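Scroll down for the structure; my scribbles are underneath it.
Letters A, B, ... are given to chains in the order of the sequence lines, protein chains preceding strands, and every chain is numbered from 1. Note that the coordinates shown come from a computational prediction; the quantities given were computed from them, not determined experimentally.
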2 protein chains.
Amino acid sequence: MRSRSSAPTMKDIARRAHVSIGTVSRVLNGHADVDPLLRERVQSTARKMGYRLNERTRATVQAKSRMIGLILCNDFWLSAAQSLLLLGIEEHCSAEGYYVLFARHQFDSDERKLALPAVIRTPGLADCVILVGRLEEKVLKTFDRDGLSYVFLANHAEESGDASRHPVRYDDENGAYEATCYLAQLGHRDIWYLGDDSRFWQRTRYRGYLRAMGELKLEPRAHTIALSDDEFENGHSAVSYILEQQWPVTAIVAASDELAFGVREGLRQHRKEVPKDVSLIGFENQTGHSRGSNLTSVSVDMIEVGRQLAKEAIARSEAEEPFSRDVLVPASFIKRSTCRPLRKEEHMLL
Amino acid sequence: MRSRSSAPTMKDIARRAHVSIGTVSRVLNGHADVDPLLRERVQSTARKMGYRLNERTRATVQAKSRMIGLILCNDFWLSAAQSLLLLGIEEHCSAEGYYVLFARHQFDSDERKLALPAVIRTPGLADCVILVGRLEEKVLKTFDRDGLSYVFLANHAEESGDASRHPVRYDDENGAYEATCYLAQLGHRDIWYLGDDSRFWQRTRYRGYLRAMGELKLEPRAHTIALSDDEFENGHSAVSYILEQQWPVTAIVAASDELAFGVREGLRQHRKEVPKDVSLIGFENQTGHSRGSNLTSVSVDMIEVGRQLAKEAIARSEAEEPFSRDVLVPASFIKRSTCRPLRKEEHMLL
DNA sequence: CTGAAAGCGCTTACAG
DNA sequence: CTGAAAGCGCTTACAG
């Protein structure tokens, strides 16, 4: 392996091009006030020698690293949706000449010894950090207190907190609202919501459902406590329980696709079909693969959310002033084939 | 936001502790030859001022960054398995005091202008890079030619190439072999393999299947060309085609779980059940969630593969010598409930 | 327009 | 054991 230190430096270029190192820096950084002849000479010798600017030393002198950290907080797994966030973040960062540093961090539950991630704590690493995962209020407070530069995904936060934080958010609250209204328009009355409120990011979905049911004057019926970490299992067991209790249900809004798949399987085992017996809507944060399901879903473009997070992070790391802009990425409701209209008589059937 | 530049430096510590900056550096780096009194004084003032060593400038003077790059090559999506790799890499790196830089890179198909990723090209960024995704031989050659420090996942490479490369590999070839033998032991003869050989990492699975069938003197029957990028769909259509052609089949080895789920759905639509009519084995690189499937699978601990990749990358970035060690992570075969023994008479039935 | 020089925050021989 | 100094590879006022 060629040792890294053998890479040519500006000094080498300067010597070969018979100019000062300051001049080399100026032409390589595209400054205007350089003699065209010198510019040409420097550029060609830099090209010949395969020169590449050393990002690290530039960062030292400019006191910024052009690195954005993505911190997965208090969460071991990287979900499919979070992978998409990462891809969106990487896309925007690399387009802007930034680099992305990935780290997980488990915050101590004892507030007094709550250590912050090295990626942002250590000078010389990330200029700004993007927080996703399970964001507890006390963690955000610590970032505020220490004056650290960060952006966070509000959907992943326990509470949105101080308005001056200006988070990025996706609007699945409204997506859940629309989905619920759609079911009501189809004639459904017994519309259930299934989710897991210990996953912070699902709470807004529940809120959207509740808002819709309130406006529609329908009685909300929800199951928001998860029995396990496996959403498929949770969907399966929740719907089984509902059916065994013989509670009325003609439609279900599931807080995730995985949950919806579990629901479908549970229904199947109780000899019920989608959408013949029960209409079903999920939340699709997956790769967009339908998995043969044709599930009607609320869809959020998580890659776009990632791009927006990166954009904010870069803006904050470049800005002198504190930042003051909220970002809202809309959700879209995609009708596929797992819902059907209910005729009047059917209300009694179940 | 507190400006990054307000963080205390060694100079600040030195002034406050009335010592030279060299001494500060020595105690903070744990060098032995320091007077205990001075050591104590420096440590306590560093603690009081909340000092943190600047990683960037240390990197400059030591000419290594303690950053490992993970490059997803020629692949837009981060699969579930690749997410696990990332988690394993992050785990090992952060335990060793390293940082992980994530980037995607699309290599130009024209070999002459094949640009390498900034993360490794640019001095001052990653010390070594981990290559995953779809690794074409010419890309690896370019890394070799330029003497760049890298590790790659052999399962993701078009060909393993030069033996001196010493890749990390997981042994799904053997996993596929075992799975196939297991089916044969159960009495199956008409064992199919379904996969997608354009995904480099599935080719070894096919090879394992072929080796087993050869040793067993059974006729291999495989479908290794994918019709789409959606593995569920591919599984679905492949099995439908086989059934429509009325080819004999009592068992299927599917190159991924996603594919296997598609197969199961396809069988279901043809009124066939697993394992009653067809035994089914998948490859599980997922989070370990069974998705209610109870699928018999070959399982690879992708987090462990990630750890090993990171370990090699760190070793290479610290070593002076070229490196000389292959790493093989074993696969394990997990029997669940989607296979059953075949009685003699049944061979004719299909 | 250009060069000489100071500086970014460290580490590390080199004297003492 | 400790300090003064050189150096890592850049950028950026400051003179000229």
For [X] and [N], what is the distance between atoms [atom1] and [atom2] respectively, to the nearest whole Å?
{"X": "B/K64", "N": "C/dC10", "atom1": "NZ", "atom2": "C1'", "answer": "15 Å"}
{"X": "B/K11", "N": "D/dA5", "atom1": "NZ", "atom2": "C1'", "answer": "14 Å"}
{"X": "B/R41", "N": "D/dC1", "atom1": "CZ", "atom2": "C1'", "answer": "13 Å"}
{"X": "B/D12", "N": "C/dC8", "atom1": "CG", "atom2": "C1'", "answer": "13 Å"}
{"X": "B/R56", "N": "D/dT11", "atom1": "CZ", "atom2": "P", "answer": "13 Å"}
{"X": "A/M10", "N": "C/dA4", "atom1": "CE", "atom2": "C1'", "answer": "16 Å"}
{"X": "A/L53", "N": "D/dT12", "atom1": "CG", "atom2": "C1'", "answer": "14 Å"}
{"X": "A/E40", "N": "C/dT2", "atom1": "CD", "atom2": "P", "answer": "14 Å"}

In terms of side-chain geometry, is the basic nitrogen of A/K141 or A/D144 positioned less than 4.0 Å from the acidic oxygen of its partner?
->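 Salt bridge: no.
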
Basic-acidic side-chain contact under 4.0 Å: B/R121, B/D146 | yes

State, with a plain yes or no, whether a side-chain heavy atom of A/L140 is found less than 4.5 Å away from one of A/F152.
->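 With C-beta onward as the side chain, the pair touches.
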
B/L72 side chain near B/V132 side chain, heavy-atom distance below 4.5 Å |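 Yes; the side chains approach each other to less than 4.5 Å.
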
Could A/R104 and A/F76 be counted as a cation-pi pair, given that NZ or CZ must be under 6.0 Å from the ring centre and within 45° of the axis?
-> yes

Could you tell me which nucleotide pairs with D/dA13 by Watson-Crick or G-U wobble geometry, both distances under 3.5 Å, or answer none if nothing does?
->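 Per the H-bond distance test, none.
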
Counterpart base for C/dA4, defined by Watson-Crick or G-U wobble contacts under 3.5 Å | none

Ring centres under 6.0 angstrom apart (B/Y150, B/F143) | yes

Ignoring hydrogens and geometry, is there a side-chain-to-backbone donor-acceptor pair from A/S65 to A/G124 under 3.5 Å?
-> no

OP1 or OP2 of D/dG9 sitting under 4.0 Å from any side-chain N/O of A/Y51?
-> no

Is there a residue in residues 17-39 of chain B whose heavy atoms reach under 4.0 Å of DNA chain C, and which residues are they?
-> B/I21, B/G22, B/S25, B/R26, B/N29

